[in-house]
Amino acid sequence: GVVSNWTKIPPPLFKKVVIVLIDALRDDFVFGSKGKQFMPYTTQVVEKGTSYSFIAEAKPPTVTMPRIKALMTGSIPGFIDVIVNLNSPALLEDNLIWQAKTAGKRIIFYGDDTWVKLFPKHFVEYDGTTSFFVSDFTEVDDNVTRHLDRVLKREDWDLLILHYLGLDHIGHVTGPNSPLVGPKLREMDNILKKIHISLLSKEEASLPNLLVVCGDHGMSETGGHGGSSEGEVHTPLLFISSAFEKRSAPLAQPERVQQTDLASTLAIGLGLPISRNSVGNLILPVVEGKTMREQLRFVHLNGFQLSRLLQENTPAYEKDPGYEHFKIAEKSHGNWIKLYLEGNNSEILLNLGKKVLKQYLEALKTLSSSLSKQVAQYDMYSMMVGTVIIMEVLLLLLLSVPKALSKRAEFEVPLSPPLFSLLFYLMCLMLCAVHVIVCTSAESLCYFCSMSWLTAVGVMMLISALMCGILSAIAKMFENSRLLVKNPVVSSSSWSEIDMLILAGTIGHVLSLGASSFVEEEHQTWYFLINTLCLVLCQELCRNNFLLKECDPQHSTNVKQNFDTIGETSECENIDIPAAGNSKLGKATSSSEFTKGSDKWISLAAPWIILICCRLLRSLNQTGVQWAHRPDFGHWLTSSEHKSELSFLAAVSLFMIFFLVQRRCSLVSKIAMALGLLGVYSYRAAIGNVVFPWQHGSKDVSK
Amino acid sequence: MREAEIRRLLAANLLCALAIILTAVVPAIFLDGFSVLGTHLTWLCVCSVCVATLNVILHLVLKANQSSKRSSFAHKISRFLKCCIYFFMSCILFHAIIVLYGAPLIESVTETFLFAVLLSTFTTLQCLCMMGPNIQAWIRVFSKNGAMSIWESSLQITTVCSILGAWFGAFPIPLDWDRPWQVWPISCSLGATFGYMAGLIIAPLWIHWNRKQLTYKSR
């Protein structure tokens with residue numbers, strides 16, 4: 001249709017942009033009760049100021065590095081990025097930072113050093129803070145804030161990115177309902193106030209500045225993240241700028257957008273081309289200050305980028321409903337431009353323009369969703385190879401388990417016979433042939449094919465060797481069982497009740513891991529099984545002890561006759577009979593009866609003591625997901641009013657450790673251990689968890 | 001003789017099972033808003049009382065048939081008091097075991113205690129009725145091959161089944177289905193009840209099945 005004579009990238013809408021990314025900022029920390037209580041400035045800006053607020057939905061995995069990639073490229077990284085999360089190499093895809101640097105913008109970054117690894121040469125100035133020390137809530141943010149005053153006064157930057165990790169660390173260690181979240185939110189609010197006031201004061205009349213506040217992911221109920229629960233995927237997204245109109249009506253409920261929409265919105269805001277792989281839509285309210293012609297141009301740019309991405313990824317792109325809507329909207333846009341150029345500047349034109357905008361927005365939404373659906377492409381060949389290796393190793397372990405758990409405890413994998421057999425070489429050849437066929441005909445990128453030929457051959461040899469090992473182990477098992485059938489002399493050990501219970505309990509525990517509730521509450525399974533085991537043990541002890549009482553006279557004569565075989569039989573006979581001659585036997589039996597009495601009571605009481613300790617453990621620390629918030633003994637001890645009880649308990653425990661271990665140590669080890677334990681207590685006292693007895697009240701020892 | 005006794009056992013067990021079913025249905029007529037899940041504690045009381053009285057009556061009737069030696073009134077009273085004390089102690093013991101299994105110590109004491117009472121009616125009361133307050137006899141019955149009559153075999157089976165039922169009834173507690181029967185102690189007490197009823201029905205059938213191998217030597 002008609003093509004407008006605007007072909008260049010539109011000019012930027014904002015002069016300076018500050019992005020404040022607060023890690024693990026959940027939407028209710030800003031919009032909910034916590035936000036209203038601890039972030040007063042932000043709440044005031046959101047409700048009455050010149051801002052637009054949204055709830056951005058992140059896609060799983062809600063871990064920092066994939067989310068940063070999503071925010072900056074607008075594409076949806078997959079789960080494989082979690083594995084690479086620890087050692088992220090540079091981001092090679094088209095992204096906002098690269099586009100900004102190419103266009104000559106000066107970018108300054110302070111915060112999580114993941115950014116520095118992803119964008120190694122893009123920042124004019126940067127200071128990365130490490131994200132590994134999860135127990136540090138203050139220094140990791142102070143290291144970012146210390147640069148803030150200086151950099152806000154300078155004029156030599158266009159894009160400032162700040163990434164605060166403190167809230168994430170607090171969530172991981174103490175959870176979202178802890179008392180540490182409030183002060184941290186207040187700290188973030190003060191920082192936002194400082195930045196906003198500075199941006200307003202330094203604003204020029206030509207172009208306004210923009211402050212973006214967002215989170216990379218939220219926080220689950222227990223404080224972690226990574227999954228797709230409601231709390232983890234919903235983050236706030238605030239745009240604050242004097243270019244926007246003051247909010248007249250109070251904010252009812254922030255609109256929902258996708259996290260990937262930020263990249264395209266910021267690209268248009270900064271006057272940059274939209275990243276190639278972005279699947280996000282332009283967030284329209286951000287550009288509402290512009291004329292209708294410019295707004296239509298922006299959405300057209302976004303739609304054009306999305307349709308080009310669709311063209312590259314889908315052969316049948318023309319049948320896609322989003323593409324068709326986009327073409328229709330484009331035609332209406334052309335008609336609108338014709339009317340506009342004819343000079344009609346009336347109300348009708350404005351309404352028509354709004355209709356075209358709506359058409360465009362719907363087309364964009366449909367295009368985004370059809371693009372998001374095709375992102376997950378799985379590398380089936382590599383996955384199958386990996387699965388085959390794992391299953392083979394598992395099978396080999398299962399076949400060797402009976403021998404490994406028997407009395408002789410041997411674990412033998414017969415490798416030399418297989419390696420010289422014909423089967424091994426045949427399998428190697430066949431697997432290599434399969435590999436060649438798959439790799440030469442693969443259209444999509446395959447990880448296994450990209451490995452060198454030597455490595456691939458090695459992997460094929462491993463698979464064949466494992467398979468031959470499994471076959472020879474199975475053959476040996478059949479041989480053994482046939483031998484057993486021929487010679488019934490070899491008797492298998494009989495299974496007692498406790499053996500059956502342990503076996504059934506282990507199998508039951510493994511099976512229970514199939515249900516997600518049982519995985520979350522796995523500790524309940526463990527406590528339950530241990531309780532049952534202790535009770536069964538108790539029952540067996542009682543039975544042995546009380547039944548043996550009846551045949552006691554027989555037992556003592558047996559002692560006199562079968563002197564040597566006593567040591568190996570049942571538990572009630574935990575007697576120490578010294579290996580002496582018959583002359584001492586009289587004394588031995590009387591002392592054995594004495595020790596038998598007290599030992600018997602100790603062995604009878606032992607399971608009950610274990611049960612009581614387990615029950616105390618249960619109420620010491622509530623874990624899991626369903627009942628994690630119930631008050632427990634641990635909460636009581638670590639709350640600030642009970643520091644003296646905690647100090648006493650800690651001191652007693654450390655002393656008990658020393659007392660129980662010191663018997664077998666030399667003098668030097670004893671002194672070293674004592675100093676070490678003292679150091680542990682002093683460290684905790686320095687942090688403020690426990691107090692020294694001469695410190696009344698809870699004053700921290702000065703740093 | 002053996003067949004007749006098995007039939008008597010079957011009748012007694014079926015009567016007990018029927019009584020339990022009636023306790024779930026009949027009180028709804030008399031009390032407003034009664035349901036097994038809704039007013040569970042009431043149902044626990046009603047069930048325990050019914051099962052207890054039925055068992056006591058059954059054993060008085062059956063013991064009256066096998067006339068035992070006459071004992072003095074004081075002896076009878078002391079035996080009765082001893083029975084009550086043993087029953088109460090077994091309730092306390094069950095309560096302690098359930099608390100060790102994870103039931104809350106301070107909250108929900110009534111629920112836990114009533115569940116313990118239910119378990120005791122299913123297990124200890126039977127022992128008390130059959131053998132009196134004689135712990136040595138109990139230990140003898142529960143050891144291997146210790147049963148001396150089909151009633152004692154039936155006792156073994158119903159006790160084990162009701163305890164297993166209570167044990168299996170704890171499985172649905174960690175699931176997050178938010179069902180009304182997952183509230184403590186409904187799933188465990190219902191498990192114990194179903195176990196007991198299953199034991200009542202299985203015991204005569206099992207004894208009938210194995211009547212040739214079961215030889216009760218008298219010690």
Side-chain angles (χ1 to χ4, degrees), chain A residues 221 496-497 501 504-505 508-509 511-536 538-540 542-550 607-619 622-628 630-633, chain B residues 90 92-109 112 116 119 123-124 127 134-147 156 159-160 162-179 182-185 187-188 191-192 195 219:
Chain A
E221 274 312 309
S496 74
E497 263 181 22
L501 178 66
H509 173 234
L511 288 176
S512 79
L513 294 176
S516 68
S517 303
F518 282 117
V519 170
E520 285 168 2
E521 311 287 328
E522 195 181 341
H523 57 291
Q524 306 270 11
T525 317
W526 278 113
Y527 282 132
F528 192 69
L529 288 174
I530 288 181
N531 265 303
T532 315
L533 188 65
C534 283
L535 283 175
V536 170
C538 207
Q539 179 241 195
E540 205 164 292
C542 281
R543 193 182 281 188
N544 285 341
N545 277 316
F546 286 123
L547 278 183
L548 217 54
K549 239 197 238 167
E550 294 168 5
W608 293 102
I609 296 181
I610 295 178
L611 281 175
I612 294 179
C613 286
C614 278
R615 184 64 180 86
L616 277 177
L617 268 180
R618 233 191 225 253
S619 47
Q622 293 275 10
T623 47
V625 173
Q626 273 193 54
W627 295 293
R630 298 271 297 275
D632 54 34
F633 198 46
Chain B
S90 92
I92 301 277
L93 183 67
F94 273 122
H95 185 106
I97 292 181
I98 296 169
V99 165
L100 284 177
Y101 256 105
L105 184 60
I106 310 176
E107 318 155 343
S108 323
V109 174
T112 317
L119 266 183
T123 53
T124 325
C127 297
N134 183 2
I135 296 200
Q136 294 291 336
W138 294 3
I139 295 175
R140 185 214 6 114
V141 165
F142 282 110
S143 54
K144 282 197 181 25
N145 306 323
Q156 278 182 339
T159 313
V160 167
S162 57
I163 291 187
L164 275 182
W167 193 77
F168 280 111
F171 280 19
I173 296 182
L175 293 170
D176 57 354
W177 293 343
D178 288 325
R179 291 272 186 269
Q182 279 184 307
V183 176
W184 173 254
S187 62
C188 285
R219 289 205 193 167

Engineer: Do the side-chain N and O atoms of B:W167 and A:T532 include a donor-acceptor pair separated by under 3.5 angstrom?
Structural biologist: yes
Engineer: Is a side-chain N or O of B:S187 found less than 3.5 angstrom from the main chain of B:G169, in a donor-acceptor match?
Structural biologist: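 Here the side-chain-to-backbone pair exists.
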Engineer: Check whether A:L535 gets within reach of chain B through its side chain, its backbone, both or neither, counting any heavy atom under 4.5 Å.
Structural biologist: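 Looking at A:L535, just its side chain touches chain B.
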Engineer: Hey, could you give me the CG/OG1 distance between A:L513 and A:T525, rounded to the nearest 0.5 Å?
Structural biologist: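 It is 7.5 Å, given to the nearest 0.5 Å.
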Engineer: Would you name the heavy atoms of A:F518 and A:S512 that are closest together and state the gap between them?
Structural biologist: CB-O, 3.2 Å
Engineer: Taking side chain as everything from C-beta outward and backbone as N, CA, C, O, which of these in A:F528 sits under 4.5 Å from a heavy atom of chain B? Side chain, backbone, both or neither.
Structural biologist: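 Contact with chain B involves both backbone and side-chain atoms of A:F528.
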Engineer: Looking at B:A96, B:A170, B:G102, which has the largest count of heavy-atom pairs under 4.5 Å with chain A?
Structural biologist: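 Between B:A96, B:A170, B:G102, the count favours B:G102.
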Engineer: Measure the spacing between CZ of B:F94 and CD1 of B:I163 and express it to the nearest 0.5 Å.
Structural biologist: 4.5 Å
Engineer: Report which part of B:F171 has an atom under 4.5 Å of a heavy atom belonging to chain A: side chain, backbone, both, or neither.
Structural biologist: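 Interface part for B:F171: both.
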Engineer: Given the options A:R618, A:Q524, A:E521, which has more heavy-atom pairs under 4.5 Å with chain B than any of the others?
Structural biologist: A:R618
